[in-house]
2 protein chains.
Amino acid sequence: MAHILVFGAGGIGAVYIYIFMKAGATVTAVCRSNYEAVKRDGFTIHSVRLGNVHCQPNVVRTIAEAASNCSEPWDFLVICNKSFPGSSPSISDVIRPAVGPSTGIVLLQNGIAIEEELAAAFPENPILSGVVYVPATQIRPGVIDCGTRSNNLLEIGTYPAPAPQSHKRAAEEIASLIREGGADAVVYDDVQPRRWSKLIVNASWNPITALSQCNIMDFRDSSPGAIDFVRAVMLEIVRVAQAVGIEGIDEASAETLLRSFLTRTDTKEPSMLQDVRKGQPFEIEAIVGNTVRVAKAHGVEVPLLDALYVLGKGLLEAQEKYRR
Amino acid sequence: MAHILVFGAGGIGAVYIYIFMKAGATVTAVCRSNYEAVKRDGFTIHSVRLGNVHCQPNVVRTIAEAASNCSEPWDFLVICNKSFPGSSPSISDVIRPAVGPSTGIVLLQNGIAIEEELAAAFPENPILSGVVYVPATQIRPGVIDCGTRSNNLLEIGTYPAPAPQSHKRAAEEIASLIREGGADAVVYDDVQPRRWSKLIVNASWNPITALSQCNIMDFRDSSPGAIDFVRAVMLEIVRVAQAVGIEGIDEASAETLLRSFLTRTDTKEPSMLQDVRKGQPFEIEAIVGNTVRVAKAHGVEVPLLDALYVLGKGLLEAQEKYRR
């Protein structure tokens, strides 16, 4: 029976906790703001794909508490919280007490270049990089709404792509668990093209909607040039991906992703806009900042991403000042 | 004795009402949101330059009311409200009842290309284009705070620069009134270079602070790339000005304007940021939209201004939706 620790039990975390438990794993959830609610009532999930379901994992407040309560090492430590590169303490230091010699470290987070720090800190452990497409929002503590779409796909692979067979097997193992739990998972020998594909959507719509405070449909309709601007940002991301040598990312794939959003009728807000509305920190560094830094390292000019990054950093600063 | 109608009696309008009255003019103010307060208590202005002063103009609610109360034509109709090109009814239609055969129409507004509509609607009247540097904010109805700086300068000239001598004399006349009222006014044979000089500041800091919700100092400090971004936006404006054939606008003048802001210690917020904080419409069309349109007409690429424009239009859309 797999033995799993989930760090960051918000919307995405809760959905995977349910999936792992349904697959028969023992699951411990590190909960912060929703600890009391989840300790008392567990998670309730409203999902077209999974149904209206409930689960009650073990709940702890911290990684240290999880580690001190447990004698055997975790098979997987699944990180579902937001990624804040450069924050202190680092994510490696935070999770270290719960990482055993062969614990698979699974990142279910947005952004790019977020795996390097963990791979450097835990060079022997499988680092599994996952791209999530679950539209999950925690509407109140412990209660998750997955919206009106039925997709529930995880794309996953080792980081880096060349990895020992034991790491490749760990990727297959967690994908199997997810499929047993009722969702979809696809293992890629190199998952980075999938991460960059999602980045085309994330590094464009997320900061654009956060700064304009419009959801996608409202931004689309706000000026005649709105869509051309989104496309231009997406094409900058494509050029960075191509400079890095990511396979299968081109103008046509960006156009397909753009069209898929423009024809949608749901009003779901990108996560960064949700965070801005709640006055919470948002992932400008992992999603836009890392892209800008990778672009610079490869000599690619990205003036529009630069603009979104500095405006986003300003908005983050304003939010933090307002909270202080 | 000059006979003046001031349309748009917010912070800037109130300061000029005081100045004109001090110079001996009879002044009628068209007040909207602050009508009751100004009718009762007049305007109170706190200014390093003018002192803590008070004035009580005639007050009306609309242009039509002003016109119906008055038998002789106005010498000057001074427009101090925000400029919203493309709004309906047009500013020309709004002011038409108060425009006599020789009334000088004075625009004390930000932005560029805001004079054309009035010049077309009133081809015989002097159209006087003014660039204002008064840091005036209406802190509550009828009460104006001019901050800690003592400058109170108006730069003014005819639109277009080639104009009949009677129009040139009207510019001199209103400048004289302003100087008699205790402020500074400089008449330019061609005022457009001054308008573009102010645009370098307005079309950069205004949308940048509105979108990031940072004041200037906080934005400067929010990321290492922040200032380079502001400079890059300013240089786009310089390139548009040069394409239009505006004299004396170059990279050096932009750098001087940038430096003048970076060394300031006051925390005064640009007007567009103030408007966003209050949930009010802001001048994205007159300041950024018109610049983008002039750039396109002259074949100048302005990707960063395009970005600020579409993001600003989105923010305006989001605000309006929120108000509905």
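Every heavy atom of this structure was used, including side-chain atoms; hydrogens, water molecules and symmetry mates were not.
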Decide yes or no for [X] and [Y]: does some side-chain heavy atom of the first lie under 4.5 Å from some side-chain heavy atom of the second?
{"X": "A:Leu315", "Y": "B:Cys214", "result": "no"}
{"X": "B:Gln213", "Y": "A:Glu317", "result": "no"}
{"X": "B:Leu308", "Y": "A:Leu311", "result": "yes"}

As an exercise, state the distance from CG of A:Asp306 to CG of B:Asp228, rounded to the nearest 0.5 Å. 9.0 Å

Which value, rounded to the nearest 0.5 Å, describes the distance between A:Asn215 atom CG and B:Lys321 atom NZ? 5.5 Å

Please check if the number of heavy atoms outside B:Gln280 that lie under 6.0 Å from its CD is greater than 12.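 It does: B:Gln280 CD has more than 12 such atoms within range.
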
Report, as yes or no, whether the 6.0 Å neighbourhood of atom CD on B:Glu255 holds more than 12 heavy atoms from other residues, nucleotides or ligands. yes

Between A:Ala210, A:Ser222, A:Ser212, the one whose heavy-atom pairs under 4.5 Å with chain B are most numerous: A:Ser212

Choice from A:Leu211, A:Asp221, A:Thr209, A:Val233 maximising heavy atom contacts with chain B below 4.5 Å: A:Leu211

Which heavy atom of A:Phe219 sits nearest to which heavy atom of B:Val310, and what is that distance?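 That would be CE1-O, 3.4 Å.
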
Side chain / backbone / both / neither for A:Leu316 at chain B, heavy atoms under 4.5 Å: neither

